[in-house]
Amino acid sequence: MNDKPIYVTEPYLPPLDEFIPYLEQIWASKKLTNNGPMHQQLEAALRDYLGVPEIALFNNGTIALLTALQALRIGGEVITTPFSFVATGHSLLWNGITPVFVDIDPQTFNLDPEKIEAAITPRTTAIMPVHCYGNPCDVAAIQEIADTYNLKVIYDAAHAFGVEDAGGSILRHGDLSAISFHATKVFNTFEGGAIVCPDAKTKRHIDNLKNFGIVNETTVVASGINGKMSEINAAFGLLQLKHIDQAISHREKVYRHYLSHLGGVDGLDIFENVAGGKSNYAYFPLLVNEHYRMTRDELYEYLRDHGIYARRYFYPLLSAHSCYRDHSPAQTPVAEKMSRQILCLPISGQIELGEVQRVVALLAG
Ligand code: T4K
């Protein structure tokens with residue numbers, strides 16, 4: 001087997017020579033970090049591109065989540081999904097918050113709003129849903145529950161760059177949304193992330209928190225953290241942004257190729273995109289059910305043997321990891337079943353269609 005390995009994702013890399021002028025500017029300015037010109041330009045450009053009121057850049061999505069919880073002074077218990085990357089739950093534990101895991105909707109992989117109310121206790125302060133794979137949560141139902149019980153809503157929107165519902169960016173919902181710009185994401189700055197917030201006052205507070213709580217040389221207003229994005233990362237983001245529409249439209253082609261070739265395969269449950277506005281085609285999840293000719297794990301190994309590194313995002317569930325066992329005796333049968341059947345196929349902004357076809361041939365064969 002001499003074929004090139006195919007990973008679940010690959011970062012979108014524009015031609016290297018397009019990055020050189022950005023580096024020259026950084027060298028000339030000697031401003032490497034701390035809200036430099038690239039950082040300011042990227043914030044303005046992303047605000048426009050995403051159509052959101054305010055955005056604060058971060059050095060990664062996890063620190064953005066941690067800071068979002070700090071900014072709203074969240075404590076006690078927070079309702080979240082067990083079907084996510086560990087950073088979702090870890091951001092709660094690192095803030096001394098107890099995660100309460102609630103089951104997911106079998107069509108969207110997202111927190112099921114109908115199950116939220118039963119998990120609310122006097123200690124509940126917030127809901128932290130995840131727009132899993134970039135599928136929008138049922139934001140209206142979640143907001144209604146939050147309003148009824150006076151809870152905050154912080155979206156883990158790590159996967160949701162550029163996703164829109166009928167009214168605009170999905171990131172405008174809830175009190176805050178945290179995004180990831182990690183190398184594996186639709187839009188990447190190598191490492192990076194952001195918090196989307198509703199107004200300039202909240203942004204100022206978040207900007208203070210991500211810079212140690214420093215307001216000026218002699219005033220520190222909060223026990224903040226170092227969450228700043230460097231100039232190199234911001235510069236790469238500016239360059240990425242020039243290519244983002246092309247990258248997303250390539251992802252859509254890959255997505256449609258999988259849909260049309262795998263839709264009829266017995267034992268594979270395929271999901272049409274459910275954004276109802278604009279999708280970002282961040283992942284291609286499928287469920288391997290009992291009618292497929294192999295189990296999910298056999299298929300995962302079979303693909304690896306052929307150089308295809310599909311991933312079981314998200315298996316095991318958050319609640320199954322040892323650091324969560326004490327926290328959540330919750331019943332989440334839908335999430336458990338989906339976690340046992342899930343497989344995410346390779347998709348990215350630059351994957352060749354021939355490579356996608358190699359994956360299809362093995363799955364359908
Ligand atoms: N919330 C949610 C819901 C998230 O999914 C994430 C991150 C976060 C919060 C936290 O955001 P960040 O703090 O990360 O900004 C990856 C990513 O590291 C992680 O960002 C992402 N979610 C998660 C779903 O996937 P791993 O452990 O699977 O990554 P890794 O290194 O195995 O990479 C996957 C594949 O990507 C590799 O097989 C090859 C390819 N790859 C990866 C990297 C890093 C490349 O081709 N180039 C690269 O530079 O977690």
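We count ligands from 1, going down the list as the structure has it; atoms in each ligand are counted the same way. Reckoned from all heavy atoms, side chains included, excluding hydrogens, waters and symmetry mates.
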Nearest protein heavy atom with distance in Å, relative to atom 41 (N) of ligand 1: T9 O, 4.1 Å
So is H182 polar-close to ligand 1, meaning N/O to N/O under 3.5 Å? yes
Does a side chain donor of either D105 or N110 reach within less than 3.5 Å of an acceptor in the other side chain? no
Under 3.5 Å between any N/O of A87 and any N/O of ligand 1: does that happen in this structure? no
Of the backbone atoms (N, CA, C, O) and the side-chain heavy atoms from C-beta on, which set of T184 has a member under 4.0 Å from an atom of ligand 1: side chain, backbone, both, or neither? side chain
So Y324 and H90, would you call those rings parallel, tilted or perpendicular, with 30° and 60° as cut-offs? parallel
Any A64 heavy atom less than 4.0 Å to ligand 1: no
Numbering as shown, the atoms of ligand 1 that approach D156 to under 4.0 Å (heavy-atom distance): 1 (N), 2 (C), 3 (C), 9 (C)
Atoms of ligand 1 close to S84 [distance to a heavy atom under 4.0 angstrom, numbered from 1]: 3 (C)
Just need the protein heavy atom nearest to atom 47 (N) of ligand 1, so name the residue and atom and give the distance. P11 CD, 3.5 Å
Quick check on F83 - does any of its heavy atoms sit under 4.0 Å from an atom of ligand 1? no
What part of Y313, side chain from CB on, backbone N/CA/C/O, both or neither, has a heavy atom under 4.0 Å from ligand 1? side chain
